Amino acid sequence: MAKKSSEVWVFVEQRSGKPADVSFELLSKGKKLADTLNGVLKAVVIGHKMQKVAQETFRFGAREVLLVDHPDLEVYQTLPYSRIMSELVDKHRPRIVLYGATFIGRDIAPRVASFTLSGLTADCTDLQISDVTYTRKEYKDLLLQIRPAFGGNIIATIITPDNPVQMATVREGVMEMLPLSSPAKGKVTNIPYQKNEVDGLIKIIERHHEENKINLKAAPVIIAGGYGMGTRARFDSLYRLADVIGGEVAGSRAAVDAGFVKHERQVGQTGVTVRPKLYIACGISGAIQHRAGMQESKKIIAINTDPDAPIFDICHYGIVGDAVDVVNKFIDAYKHKLK
Amino acid sequence: MKPNSIVLVKQVPDTANISGQVMRPDGTVNRAKLPAIFNPEDKVALELALQIKDKYGGSVRVLTMGPPKASELLRECLYMGADEAYLVTDRRFAAADTLATSYVLSAAIEKLGNYDLILGGRQAIDGDTAQVGPQTAEKLGIPQVTYAEQIVSVKKNSVVIKRKIDGGYEILESALPVLITVIKDAATPRPFKARRIMAYKNAKSLLELERMTESNSLLYINDLKEEYVSDGLYISTFTMDELDVERERCGLAGSPTKVHKVESVVLAGNEHDKIEATKEGLSQLVEKLMQDHILG
C-alpha cells in the first residue's frame, strides 16, 4: 500500500475578511493531531485580500497556507469555494481535513467529501489519533471522530478506515484556541483562481449580516435555561440575574426548539461550547449533548425540580426547586451581600 | 414556468422523545421501540413544494430511501398533496452513511428525471448531519442552496431563495435545476386532507402488494400492480436492480465512515453540595462563590 499522507488541513473560514474563531480553534487541534502523526499542519484560505489572515494561521501552528486570493472570491459562495477545495483535496490527498460546523462549513464540507469520496463526520466533540482493529484488520493512526448520537443516549466513535481522506466538522468552542508563543515558520503558497462557468450558476442578489453581538464564549458567568423553564416569559428572571451578576443568558437545544431563547444562545453539541467560571443550569435535565457544551465550566450550579435529573451528576452545587424561585432568591442574596 | 419538484423525505425515530423502554440494559438503543415520525424539516420542504405548485403549477414527487415500512411516510405525503410517491428500498442499501445514501438517492433522482427543484429538510433529527442534501447535489452535478428560509420566486430558468447565514441572511438567484435544503421556520406544514386520506389510504408499495398475493392465491402480482397503477394508488418501488448503481458504492460497503465503537453514556455520579432552596441556603452559596472569587 502506498504511504499515506500525514498532512492535516484546516479550512479557514472568513466572513467579510474576518477569520472565524472556530478556524483558529481547529488549527490548534490540528497541530496536536499533526504532531501525533509526525505530519504537517496546513491551512486553506480562500477569499480576497487574505494575506493577513494567512499570516495569522502561523500563530496557531500552520506550516503552509494554500491561498486562493481573488476579487471574485471575496464572500463565501458554495460553487467556486467547494470546487476549489475539492480540487485541492483531490490533488494533494491530505490525511485529515477539518471544517467549522458553521453555516459555511456545513455547506462546503459535504460537497467536497462527495466529490473526493471522503469520509465526513458532523459535529464531533472530540478528535483523537489511534491505531484501530476493524473487521480483523489493523489500521495505523486513524482519526477517531467522536460524537454523541441517537438523541444523546450513546457516544459513537466513527472511523474512516479505507478511504485516504478523513474529514470532520466541529462546532465553535469545542476545541481550545491555543496561540503559540512564537509563530511557526510557515510559507504561503499562492494558488491561482481559474474561473469556471459553473461558479456563476448562483448569484448573490442581496446580503445582510451583523456581527454576532452575543459572545457566550467570553462570558465569565452563564445562566442557562432548559425546556424545564416552561415558558419564554420565565426566562426573564434569568436575564435579570445575568444583569445583576454580569453574565450572559444561554439555552439548551430543547429551549431553543421551544422558542424560549434564540439559537445564537444555544449551548451544547449543536450550539456553542463554553468554559465559564460559573455555569448556572436552570430547568436543564442534562442530556449528553448539552453537557458536551458546558461540562468544562469551572463551577456548575444545577437547579431542577427533578432530584434525579442527570445534570446533578456533573454539578458542584445542586438545588432541588423551581428555577424562577431559586433565581429570585439568588438575586436577593447577592444584592444583600453587596450592601 | 411550471416547476417539477422532487422532495426528499425520511422517516426517522422520534429522538426527541426517548423513553426508558427504548434503552436496553446494556445501553444500546432498541430502535423498534421508538415511534417513527416524518422528519420535521422534510415535512416543511414538502409544504414549500406544494406552495410552489399552488402558485406556479408543475408537479410534486416525493422520494424516500428506507425500509419497506417507510411506505407509511409516503402515504402521509400523498395525504398532504404530493402527486406521486417513490420508495427506494433494498437490504443492500442498509447501513449506508451519508455518502452512500446520497449516491443511491441521486441515482433514483436520475431515474425519475425531468426535475427543476429538489427540496429536502436541512437535516434529519436522527443524525443531525445536514450532509445528504449537499452530497446529493454534488452527485447530480447541480448547485445547492442550504438553510433556505423562503422561496422568493420561481422565474423562467431560475429560482430566487432567501437563506440564513451566520448573523443574517442572503438572497440568491440560482439556475435550475437546484437542490434546496430548508429550515424549520420556512413554512408550516398543512394538515392532511380528509378527502386525500380516503383516496390514498390504500396506496401500496410493491412489497405491500407482494404481501397481499402471498396471503391470497387468487391474486397475481402483475395484475394487481397494474390495477393499482391505473387507480393511481401505486407507490413506485425501486430496488438496487432498478437503479443504475454499482453495488460496492451502496450500503455499508459504499460508506467511507464506519461506526467503530458505541458506548452508552454512563454518568460518574459525582458528589455535589446540596443547597437548600431557601433564603439561607442561597445566601450561603453566594457567600461561598464570592470567597472563591467565582462571583465578584
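Please read all numbers here as calculations on a predicted model, not as lab measurements. Every chain is numbered from 1, with letters handed out A, B, ... down the list of sequences.
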With a 4.5 angstrom heavy-atom cut-off, could you sort out which part of A/Ser118 is near chain B: side chain, backbone, both or neither? backbone

Report yes or no: does B/Asp42 contribute a side-chain atom to a donor-acceptor pair with the main-chain N or O of B/Gly120 at less than 3.5 Å? no

Chain B contacts, top residue of A/Ile319, A/Asp322, A/Asp332 (heavy-atom pairs, under 4.5 Å): A/Ile319

Go through it in stages, so that I can follow the logic: the residues are B/Lys184 and B/Glu41, the test is salt bridge (Lys or Arg N to Asp or Glu O under 4.0 Å), and I'd like the CA-CA distance, side-chain angles, deciding distance and then a yes or no. CA-CA 5 Å; B/Lys184 207 172 61 185; B/Glu41 287 181 336; over 6 Å; no

Between B/Asp97 and chain A, with a heavy-atom cut-off of 4.5 Å, which part of the residue counts as in contact: side chain, backbone, both or neither? neither

Under 4.5 Å heavy-atom distance to chain B, tell me which part of A/Glu264 shows up: side chain, backbone, both or neither. neither

Let me know if B/Leu172 has heavy atoms under 4.5 Å from chain A in its side chain, its backbone, both or neither. both

Counting only heavy atoms not in B/Asp244, do more than 12 sit closer than 6.0 Å to its CG atom? no

Tell me whether the count of non-hydrogen atoms from other residues, nucleotides or ligands lying under 6.0 Å of CD in B/Glu276 goes above 12. no

Max heavy-atom pairs within cutoff under 4.5 Å with chain A, candidates B/Gly141, B/Ser102, B/Pro143, goes to B/Pro143

Proximity breakdown for A/Thr78 and chain B, heavy-atom pairs closer than 4.5 Å: side chain

Is a side-chain donor or acceptor of B/Ser255 paired with a backbone partner of B/Gly251 at a separation under 3.5 angstrom? yes

Are any non-hydrogen side-chain atoms of A/Ser114 and B/Leu99 less than 4.5 angstrom apart? yes

In terms of heavy-atom pairs under 4.5 Å with chain A, which of B/Gly254, B/Ala175, B/Gly133 leads? B/Ala175

Under the 3.5 angstrom rule, does the side chain of A/Arg171 hit a backbone N or O of A/Thr270 as a donor-acceptor pair? yes

Pair up each side-chain donor or acceptor in residues 281-296 of chain B with any protein partner under 3.5 Å, not counting sequence neighbours, and list the distances.
residue, atom, partner, partner atom, Å
B/Ser283, OG, A/Lys337, NZ, 2.8
B/Lys288, NZ, B/Asp292, OD2, 2.9

Just so I understand: if I count every heavy-atom pair under 4.5 Å between each of B/Thr129, B/Ile165, B/Thr146 and chain A, which residue has the most? B/Ile165

Are any of the side-chain heavy atoms of B/Pro3 and B/Ile52 separated by less than 4.5 Å? yes

So what's closer than 4.5 Å to chain B heavy atoms on A/Phe115: side chain, backbone, both or neither? both

OH/A/Tyr134: more than 12 non-hydrogen atoms of other groups inside 6.0 Å: yes

Residue part contacting chain B, namely of A/Arg106, when any heavy atom lies under 4.5 Å: both

Atom pair CD1/CG of B/Ile6 and B/Leu179 - distance to nearest 0.5 Å: 10.0 Å

Proximal component of A/Leu79, with respect to chain B [non-hydrogen, under 4.5 Å]: side chain

A/Tyr279-A/Gln295 side chain donor-acceptor pair, cut-off 3.5 Å: no

For chain A, the option from B/Lys139, B/Gln144, B/Arg122, B/Arg249 that forms the most heavy-atom pairs under 4.5 Å: B/Gln144

Counting C-beta onward and ignoring hydrogens, is there a side-chain heavy-atom pair between A/Ile129 and A/Leu143 closer than 4.5 Å? yes

Under 4.5 Å from any heavy atom of chain B, what part of A/Lys203 do you find: side chain, backbone, both or neither? both

Run B/Thr188 and B/Glu47 through side-chain contact (heavy atoms from CB on, under 4.5 Å) and show every step you take. CA-CA 7 Å; B/Thr188 308; B/Glu47 173 60 32; over 6 Å; no

Contacting moiety of A/Asp257, where chain B heavy atoms sit under 4.5 Å: both

In terms of heavy-atom proximity below 4.5 Å to chain A, should B/Ser158 be classed as side chain, backbone, both, or neither? neither

Quick one: of A/Asp107, A/Leu278, A/Ile104, who has the most non-hydrogen atom pairs under 4.5 Å with chain B? A/Asp107

Chain B contact via A/His208 - which portion, at a heavy-atom distance below 4.5 Å: both

Quick check on the interface: out of A/Gln77, A/Lys329, A/Arg111, who has the most heavy-atom pairs with chain B under 4.5 Å? A/Arg111

Which residue out of B/Ile142, B/Ile161, B/Thr136 racks up the most heavy-atom pairs below 4.5 Å with chain A? B/Ile142

Please classify the contact of A/Ile301 with chain B as side chain, backbone, both or neither, using a heavy-atom distance under 4.5 Å. side chain

Interface moiety of B/Val160 toward chain A, non-hydrogen atoms closer than 4.5 Å: side chain

What part of B/Lys261 lies closer than 4.5 angstrom to a heavy atom of chain A: side chain, backbone, both or neither? both

Interface moiety of B/Tyr147 toward chain A, non-hydrogen atoms closer than 4.5 Å: side chain

Please determine whether side-chain contact (heavy atoms from CB on, under 4.5 Å) holds for the pair A/Ile108 and A/Tyr76, giving the CA-CA distance in whole Å, both sets of side-chain angles, and the decisive distance to 0.1 Å. CA-CA 10 Å; A/Ile108 188 173; A/Tyr76 173 78; 3.4 Å; yes

By a 4.5 Å heavy-atom criterion (distance strictly below it), what part of A/Glu13 contacts chain B: side chain, backbone, both, or neither? side chain

Relative to chain B, which of A/Val320, A/Leu117, A/Ile159, A/Leu201 shows the most heavy atom pairs under 4.5 Å? A/Ile159

Could you have a look at B/Glu280, B/His260, B/Lys274, B/Arg163 and say which one has the most heavy-atom pairs with chain A under 4.5 angstrom? B/His260

Name the member of A/Ile205, A/Leu338, A/Thr121, A/Thr160 that forms the most heavy-atom pairs with chain B at distances under 4.5 Å. A/Ile205

A side-chain contact here means heavy atoms from C-beta on lying under 4.5 Å apart; do A/Gln289 and A/Pro148 qualify? yes

What part of A/Thr133 lies closer than 4.5 angstrom to a heavy atom of chain B: side chain, backbone, both or neither? backbone

B/Gln131 CD to B/Asp128 CG distance, which is reported to the nearest 0.5 Å: 11.0 Å

